[in-house]
Student: 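Take this structure first; my questions come after.
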Amino acid sequence: MALNNMLKPIRTIAVVTALGVASSLISVGSVQPTMAAQGPESVADLAETLLDAVVNISTSQRVSGNNNNSNRTPRPRIPEGSPFQDFFDEFFGERDGGQQQQPRSRRVNSLGSGFVIDKDGLIVTNNHVIAEADDIEVNFADGSKLTAEVVGADPKTDIAVLRVKPETPLTAVSLGASDKMRIGDWVMAIGNPFGLGGTVTTGIISARGRDINSGPYDNFIQTDASINRGNSGGPLFNQDGDVIGVNTAIISPSGGSIGIGFSVPSNLVKTVVAQLVEFGETRRGWLGVRIQPVTEDIAESLDMKEAVGALVAGVIKGGPVDNGSILPGDVIISFDGQDVEEMRDLPRIVAESPVGKEVEVKLIRKGKEQTVAVTLGRLEDGEQLIAQDQTKQDEPETVSVLGMELATLDDVLREKFEISEDVNGVVIVKVDEESAAAEKRIGVGQVIVEIAQETVSTPQEVEDRIKELKDDGRRNALLMIANKTGELRFITVPMR
């Protein structure tokens, strides 16, 4: 089974992760395998101090009954003419010749987890736990409940921040240093898997820097601490009781834990949470380049000793480095003092950098290593710039003639206007309502095939032909127009 098919966002029930571990001091050379396999003696004391900071998050959302027909109960087949036909029609909501009644909207509830990071009411959870929710309720370990509002959310890292208004200060936990954690370190999770609240599980860090293709900044901590549906948004604690990860996904062919869970590292969470609290949105650094991996073949062709870094495939027009400081073909090997081992490292490092910061970028250009200084833009602004540029590219080049906007008939426009394959000419994409063409009922999606009995295939040819007619003293232009099916008609349009 493909990895993406087995990855499950754990969004059904609340989860809390707490790791308290008292490890025995064992001198090097005297480690006993049986003792190492037993793990920490107890996590009871640490778990007790952390339980009150972990919360269950209940959300509700009203959805239309026709949003997903695949979820509708299938209608049983019964023999034609059965005396129970009327019963089945009524029960399954089908009347009037088999037409279904208008589905009613329904309220869907779900559960997730979170943890308090500020005594005054700030709570961190997963974005997918609260996404599109109409109502969010936070349930605390003492049984109390508070309504929450969304401070901000970031789908790219699946992190969200909520705010509640408690009458008394809450128990809060701190975000620790995930980069200090090592493979094999003990961790602990506390949560509400499958609705079983207050569940504590322990395990170790199985791997770091995992890329599970869930987003542009994948750098997950992998753990074998038991994480199931409902653990989404819950914290993963180290032995000091600091949050070093936010539980987000599991690999599960069956839907349950098989010992492979993933958490967003706290170092990444810190940056996102700080921006969401301050601005209500993320403000990530942006370099303004398109990149691709450096393969062994590419490295060899660029006289590089090893295949490292990110190859610049293009520079975004109007972006921070659209000044020649970075060029297509450059290989970025270091950014602001951090090594870029592979392509996927660069977007994450850049995104974690402050907007407007001047940084040094080390790169290889034509076989020579050099350093350039660049000032970072804002990713969110860059995305709008790219989207606008893409929109412009998607818009066909047009020529304005006789109150009509004309474009070359290509495959895109042929499909857009459903024009038959045997129709050729220049397509009309816009008609001025006050023009003579509009008075003659020429419409968008029609095709100009001929002008004054001469075929045309480009907007420029139309414009040139109209000019010729005007130069000859003609008052009207005779157009042969085809509709989308190819039906032809002649129309004379005044050349005012």
Side-chain angles (χ1 to χ4, degrees), residues 3-4 6-10 15-21 23 36-37 39-40 43 115 124 126 154 156-159 173-191 201-227 231-252 257-273 293 306-310 333-353:
L3 176 62
N4 287 342
M6 294 188 289
L7 285 170
K8 306 291 184 181
I10 35 180
V15 81
V16 179
T17 306
L19 173 54
V21 177
S23 56
V43 295
F115 54 96
V124 174
N126 278 151
D154 178 34
K156 291 179 179 175
T157 57
D158 200 15
I159 296 297
V173 291
S174 301
L175 290 166
S178 56
D179 60 334
K180 303 296 183 184
M181 302 301 295
R182 302 166 59 201
I183 296 174
D185 281 344
W186 287 95
V187 287
M188 183 175 70
I190 307 171
T201 58
T202 62
I204 64 169
I205 292 180
S206 306
R208 294 180 53 190
R210 289 298 197 201
D211 182 1
I212 60 175
N213 297 315
S214 68
Y217 311 120
D218 279 16
N219 188 33
F220 289 100
I221 295 172
Q222 181 183 327
T223 178
D224 69 348
S226 183
I227 296 173
N231 285 47
S232 280
L236 190 67
F237 289 101
N238 63 15
Q239 298 184 54
D240 298 322
D242 295 326
V243 179
I244 52 89
V246 178
N247 301 321
T248 297
I250 59 175
I251 289 181
S252 176
S257 173
I258 61 171
I260 303 179
F262 301 98
S263 302
V264 182
S266 58
N267 281 24
L268 178 57
V269 175
K270 286 178 187 177
T271 304
V272 173
V273 168
E306 54 181 336
V308 297
I333 57 176
S334 176
F335 182 89
D336 199 20
Q338 300 185 62
D339 291 338
V340 179
E341 296 291 340
E342 53 185 307
M343 182 193 73
R344 72 184 183 94
D345 294 335
L346 184 62
R348 175 177 52 80
I349 297 173
V350 175
E352 292 176 357
S353 304

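On a predicted model such as this, the values are computed, not experimentally measured, just so you know.
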Student: Can you tell me if Ser174 uses its side chain to pair, donor with acceptor, with the backbone of Gly176 under 3.5 Å?
Tutor: no

Student: Look only at the side chain of Asp218 and the backbone of Ile212, and say whether a donor-acceptor pair between them is shorter than 3.5 Å.
Tutor: yes

Student: For the side chain of Asp224 and the backbone of Ile260, is there at least one donor-acceptor N/O pair under 3.5 Å apart?
Tutor: no

Student: Could you check whether any side-chain N or O of Arg210 sits under 3.5 Å from a backbone N or O of Asn219, counting only pairs where one atom can act as donor and the other as acceptor?
Tutor: no

Student: Look up atom CD1 in Ile221 and atom CG in Leu268, then write down how far apart they are to the nearest 0.5 Å.
Tutor: 10.0 Å

Student: Could you report the tightest heavy-atom contact between Val308 and Ile333, atom names first, then the distance?
Tutor: CG2-CG2, 4.3 Å

Student: Of all residues at least two apart in sequence or in a different chain, which pass the side chain to side chain contact (heavy atoms under 4.5 Å, CB included) check with Lys180?
Tutor: Ala177

Student: Contact between Ser214 and Phe262 at the side-chain level, heavy atoms closer than 4.5 Å - yes or no?
Tutor: no

Student: Any side-chain to backbone donor/acceptor pair from Asp185 onto Met181? Under 3.5 Å, distance only.
Tutor: no

Student: Could you work out, with side chain to side chain contact (heavy atoms under 4.5 Å, CB included) as the rule, every residue matching Ser266, not counting sequence neighbours?
Tutor: Leu175, Ser178, Ile244

Student: When you measure from the side chain of Lys270 to the backbone N and O of Pro265, does any donor-acceptor pair fall under 3.5 Å?
Tutor: no

Student: Considering only heavy atoms from C-beta outward, does the side chain of Pro216 approach that of Pro347 to under 4.5 Å?
Tutor: no

Student: Do Asp242 and Val173 have side-chain heavy atoms sitting under 4.5 Å apart?
Tutor: no

Student: Name all residues meeting the side chain to side chain donor-acceptor pair (under 3.5 Å) criterion together with Ser334; count only those two or more places apart in sequence or in a different chain, and write none if there are none.
Tutor: none

Student: Atom OG1 in Thr271, atom OH in Tyr217: separation rounded to 0.5 Å?
Tutor: 11.5 Å

